[in-house]
Amino acid sequence: MKIILNHTLRSVKNHKGQIALIITTIAVVTIMIFVALSISGLFLNINISARNRLAENTDIAVSDGLFPKSLIDEFIDRNKDKIEYADYYLQTSGLVKTNLRTKIIMLEVTDFKTIYKRYPHKLQALEVADYFEYPAVWIGKDFADELGVKAGDTLEIYYEGSNRYEKMSVSRVMKNVGVFANTGADNILVDFASANTKGMINLAHLKLYDPKDFDQVCLSLKEFIKNDALTIERAIDFQRAEEIVANNTRLLNIALSFIMAIMVLILFTSYLVIAKSRLNEMIIFKSAGATPFQTTLIMLFEVLLYGAVGAAIGLIAGRLGMEIATRALLPNFPDAVTYNLWKYFAAFFAGVIISVIAALWPVIKISSKSIREMTSGIVKDVKYAKPWLIIAITLLLAISLTLLLLYQSLIVPLTVILIALFAAWVYMVTPYIIKGLSALFAKLKGQSRLASISIKRNSSSNTLAILVGSVITFSFIVVSVISLIITAITPYNTRYDAD
C-alpha cells in the first residue's frame, strides 16, 4: 500500500498541471450534480412562496377579472358553515413619483385592519409614522430605500381608477417578509378606505373550515357568480407550481447533461495523457511480476484519490456557492433551497464514479499492454473517420436537435442520444481540423513547416486538441447555464420593474 501511495504522490508531483485540471474538473462535475439536485427545490420554493405571499392558509382563489366585493360577501353569508373568512384585494398597476424619479409599481388595495390582525407575521413594521397628512400606504423596506423615503414621507401615486396623481403618506415601512418578500413587483399597499375602488376587487382568497369541501364550494361559487371570465381555482396550486418547475428545470438539466458529458471527455483525455506518461512506471511494475489486473488497480487507486479530493472540494464549493447565490439573488428567501443529507452523498459518489468511468478505458488500455509493446516507442498514427460517417453524424445531430425542440415528451432519450452523437462528432472532426491547420502552417517557413508534418500524424496531439476544445466548450456552456438560472428566477423580482 505504501508503494502505491508513494507512486501516486510521485505522479502528482510530476504532473501538477494535469492533476490540477483533473481535480478541478471533478470538482465542477460534483458542483453541477449538487446544483442539479438542489435547483428544482429552489424553483419550487420560489413558485410556492410567490403564491403563498397573499394566499397563505386559504383554499380558494377567485381572480382574472373585476367583480364586486359584495358578491363574495353574499356568497359567504349563504355558506357560513363551510367558509371561515375571505381576504380581498384589488391589484392594479400604477406610478409612484418622488422628487427624484417616477417608477412603475403594483398597487394592492386591501383592508389594513383585517390583514394586519390576521397575518401579523407577514406584516412586520420597521418604521411607523406617528403623524401623517394624507391617506396611508405601506411599503417594503427595500423599495423605500430605493425611493429614498421613510415613514411619514409623502408619495404621489397614480393608479387605474384615478385620473390624476394623488398624494399619500408612508405610514409604515415594512420588513421584507411575507407580503413584501420578493413579491415579483415593487408593491405598495393601500387601504380600501383610501382608494376609490367603487366596491370592486379582482382577487379574493377564501378560507374553508374543511379543505375537503373544495370541489363542492367551487362548484357552488361558480354557479352563484355566473361569470365564466373569472377563474376559480386553488389558492396555492402545488400541481401547477410543479409543472412550472418541471418546465424550468428541463432545459437546465439538458444543459447540465451536456456539461457533464464534456467534463467526462475532459477527464478521459486528461487520464489518457497521464496514462501514456506512466508507461515507464508500469514497465517496472510488470517487470516485478505485476499482472494487468494489478496495474489496473494501481492506477485506479490514483484515480479514486483524485475523485475523492475533487468531489470533496466540489461538494464544499457547491454548497457555499448555492448559499451565496441564494442570498445574492433571493435575499428575502434564505430558505429557498433545502439541502437534504442524501444530496451530499449522491453528489460526492457521483463525482467519484464519473471520474472512475472516465479513466477506465485509458487505464485498461495501458495495463493490457505487454512490456514489449510498452517499450516499442512507436508513435501511433492518427485514424481519420470516413467523410460520409461525419456527414451522417452531423445530420443525425441536426435531426435530434429538431426533434428535441418539437417533442418534449422525448426529451430524456433525445438528450442521451445528443450527448453520444456530440462526443462522436468531436472525436471524428478533430483530426480533420488539425490536418487543415497543419496545411496552413506548412506554408510558413522554418520550424512551423516541420511541426505541420509531425502534428497531424501524432494521435497525442489530437487528444490534447480534444481536451482544449472541450474546456472551451465547457466554459461557454457553464456561462450559459448560469445565465439560464438567473433568468429563471429573476422574473419574480423584476416583472414590474421599469422606469
Side-chain angles (χ1 to χ4, degrees), residues 46-77 79 82-94 104-119 121-123 137-140 143 157 159-162 174 177-208 211 214 217-241 244 491-492 495-496:
I46 291 173
N47 274 275
I48 296 300
S49 297
R51 295 167 184 268
N52 194 52
R53 182 178 70 87
L54 298 179
E56 182 179 2
N57 297 328
T58 59
D59 300 288
I60 299 175
V62 184
S63 60
D64 290 345
L66 285 173
F67 53 94
K69 175 179 174 293
S70 58
L71 189 66
I72 305 299
D73 287 334
E74 183 180 349
F75 179 77
I76 293 175
D77 287 338
N79 297 271
K82 292 184 174 63
I83 302 174
E84 183 178 352
Y85 63 82
D87 298 326
Y88 303 111
Y89 302 91
L90 176 64
Q91 295 179 316
T92 181
S93 59
I104 294 176
I105 60 168
M106 181 171 72
L107 204 68
E108 297 180 309
V109 187
T110 187
D111 187 335
F112 277 3
K113 185 177 180 180
T114 300
I115 65 167
Y116 190 74
K117 181 180 179 180
R118 196 168 283 163
Y119 309 109
H121 59 290
K122 297 202 300 183
L123 293 164
V137 297
W138 294 351
I139 186 172
F143 193 36
I157 297 176
Y159 60 95
E160 294 181 19
S162 172
M174 297 294 191
V177 297
V179 175
F180 293 96
N182 200 29
T183 63
D186 292 320
N187 63 320
I188 292 179
L189 261 61
V190 182
D191 191 66
F192 277 127
S194 302
N196 182 23
T197 65
K198 298 178 182 179
M200 303 297 286
I201 58 175
N202 56 13
L203 177 63
H205 289 139
L206 282 63
K207 170 67 176 175
L208 303 178
F214 174 82
V217 173
C218 283
L219 183 60
S220 300
L221 181 57
K222 188 173 183 179
E223 293 176 351
F224 179 78
I225 291 178
K226 297 178 181 178
N227 186 348
D228 294 335
L230 296 179
T231 300
I232 301 173
E233 59 184 356
R234 291 191 181 276
I236 303 177
D237 191 343
F238 287 91
Q239 183 177 354
R240 174 58 181 160
I244 294 173
Y492 291 98
R495 189 173 53 193
Y496 288 84

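Throughout, numbering of the chain's residues begins at 1 and tracks the sequence.
Of the N and O atoms on the side chains of N57 and Y119, not one donor lies less than 3.5 Å from an acceptor on the other residue.
Atom CD1 of I60 sits about 9.5 Å away from atom CD1 of I72, to the nearest 0.5 Å. With rounding to the nearest 0.5 angstrom, the CG atom of D191 is 8.0 Å from the OG1 atom of T110. Here the CG-CZ distance, from L189 to F180, works out to 4.5 Å after rounding to the nearest 0.5 Å.
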Apply the test side chain to side chain contact (heavy atoms under 4.5 Å, CB included) to residues N79 and V217: give CA-CA distance (whole Å), side-chain angles for both, the deciding distance (0.1 Å), then the verdict.
CA-CA 9 Å; N79 297 271; V217 173; 5.9 Å; no
Please walk me through it: do L90 and N202 pass side chain to side chain contact (heavy atoms under 4.5 Å, CB included)?
CA-CA 5 Å; L90 176 64; N202 56 13; 3.7 Å; yes
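A 4.5 Å side-chain heavy-atom check between I201 and L66 finds every atom pair outside the cut-off.
Between the side chain of H205 and the main chain of A235, no donor-acceptor pair closer than 3.5 Å is present. Side-chain atoms of D59 come within 3.5 Å of backbone N or O of L208 as a donor-acceptor pair. For T58 (side chain) and K207 (main-chain N/O), no donor-acceptor pair under 3.5 Å exists by modelled atom type.
Checked against salt bridge (charged side-chain N to carboxylate O under 4.0 Å, His left out), D111 has no partners two or more places apart in sequence or in another chain.
Each side-chain hydrogen bond (donor to acceptor under 3.5 Å, both in side chains) pair with one or both residues in residues 221-230, not counting sequence neighbours, would appear here, but there are none.
Across all their heavy atoms, H121 and V177 have their closest contact at O-CG2, 4.0 Å.
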